[in-house]
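To start, the structure under review is shown below, and the notes come after it.
Because only heavy atoms are used, hydrogens play no part in the values below, and waters and symmetry mates are left out as well, while side chains stay in.
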Amino acid sequence: MADTHSLELLVQALRCLPGVGVKSAQRMAFHLLQHDREGALRLSQALQHACSSVKHCTMCHTFTENDICPTCEDPRRDRGLLCVVETPADQAAMERTGAYKGLYFVLMGKLSPLDGVGPREIGLQKLFERIDATEQGERVVREVILATNFTAEGETTAHVIAQGLKTRGVNVTRLARGVPVGSELEYVDLGTIAHALVDRR
């Protein structure tokens with residue numbers, strides 16, 4: 001198989017997806033070329049269209065095709081609640097619950113000094129400016145919900161944001177950690193049980 005340059009390029013391109021190694025990328029490439037060339041073309045066109053059409057909302061940073069996303073434009077949302085998440089995927093997960101009716105701010109990452117990701121890279125200044133914004137002399141945001149992930153970096157990010165908001169007179173809350181619904185205690189990890197005990201209500 002000397003003449004496989006295009007196939008190799010396809011395999012390498014597929015490897016940019018999270019969790020996809022060489023073998024998985026090869027399986028995908030062979031499947032698309034052997035069994036579903038029409039699907040491969042649709043995938044190519046959809047990717048090209050998304051890359052040229054999708055941008056970041058000027059208010060919350062999530063993905064949208066317009067300057068402002070539908071969530072930020074929705075007059076029924078509570079503008080006094082601002083939920084801070086790491087990525088658009090996290091925002092989508094929050095929305096699927098149907099339990100939150102406020103607005104969002106998407107950080108587009110988390111603090112990770114070892115990777116060179118600091119406050120500037122994740123847009124903390126823009127977050128603080130949004131929280132400081134006023135309408136008719138009154139602060140719009142009354143509560144900031146920190147919904148970063150419960151990883152070391154996510155916890156650090158939440159802590160830095162909370163510290164930055166300490167003097168601003170805004171109520172800052174953090175998502176609770178606890179035992180998953182439908183689980184049995186004997187199978188839940190000890191860290192989760194400990195946090196559930198501390199955060200009990």
Can [Y] be reached from [X] by stepping across I, L, V, M, F, W or Y side chains whose heavy atoms are under 4.5 Å apart?
X	Y	value
Val106	Leu165	no
Phe63	Leu127	no
Val54	Val85	yes
Val22	Met28	no
Ile131	Tyr100	no

For [X], look at atom [atom1] and say whether over 12 heavy atoms of other residues, nucleotides or ligands are found less than 6.0 Å away.
X	atom1	value
Glu38	CD	no
Glu138	CD	no
Leu190	CG	no

Within 45° cone of Phe105 ring axis and under 6.0 Å: Arg130 NZ or CZ: no
Do [X] side-chain atoms and [Y] backbone N/O form a donor-acceptor pair below 3.5 Å?
X	Y	result
Thr97	Met94	yes
Glu121	Gly118	yes
Thr192	Val188	no
Tyr104	His61	no
Asp189	Gly191	yes
Glu65	Lys55	no
Ser183	Val179	no
Thr157	Glu153	yes
Arg168	Gly164	yes
Thr148	Gly154	yes

Nearest-0.5 Å distance, CD of residue Gln48 to CG of residue Leu43: 11.5 Å
Identify whether the distance between the nearest side-chain nitrogen and carboxylate oxygen of [X] and [Y] falls below 4.0 Å.
X	Y	answer
Arg177	Glu155	yes
Asp78	Arg142	yes
Glu95	Arg77	yes

With a 4.5 Å cut-off on side-chain heavy atoms, are [Y] and [X] touching?
X	Y	answer
Leu32	Arg37	no
Pro88	Met108	yes
Leu107	Leu124	yes
Leu103	Arg79	yes
Ile145	Val84	no
Asn171	Val144	no
Met59	Ile68	yes
Leu81	Lys101	no

Can you see which heavy atom on [X] is nearest to which on [Y], and at what distance?
X	Y	result
Leu175	Ala147	CD1-CB, 3.6 Å
Phe30	Leu7	CE2-CD2, 3.4 Å
Cys69	Cys57	N-SG, 3.3 Å

Pair Thr62, Gln91: side-chain N/O donor-acceptor within cut-off below 3.5 Å: yes
Residue pair Glu143 / Thr173, side-chain donor-acceptor N/O under 3.5 Å: yes
Residues Asp74, Thr71; criterion side chain to side chain donor-acceptor pair (under 3.5 Å); working and verdict: CA-CA 5 Å; Asp74 189 345; Thr71 302; over 6 Å; no
Parallel, tilted or perpendicular: rings of His31 and His35 (30°, 60°): tilted
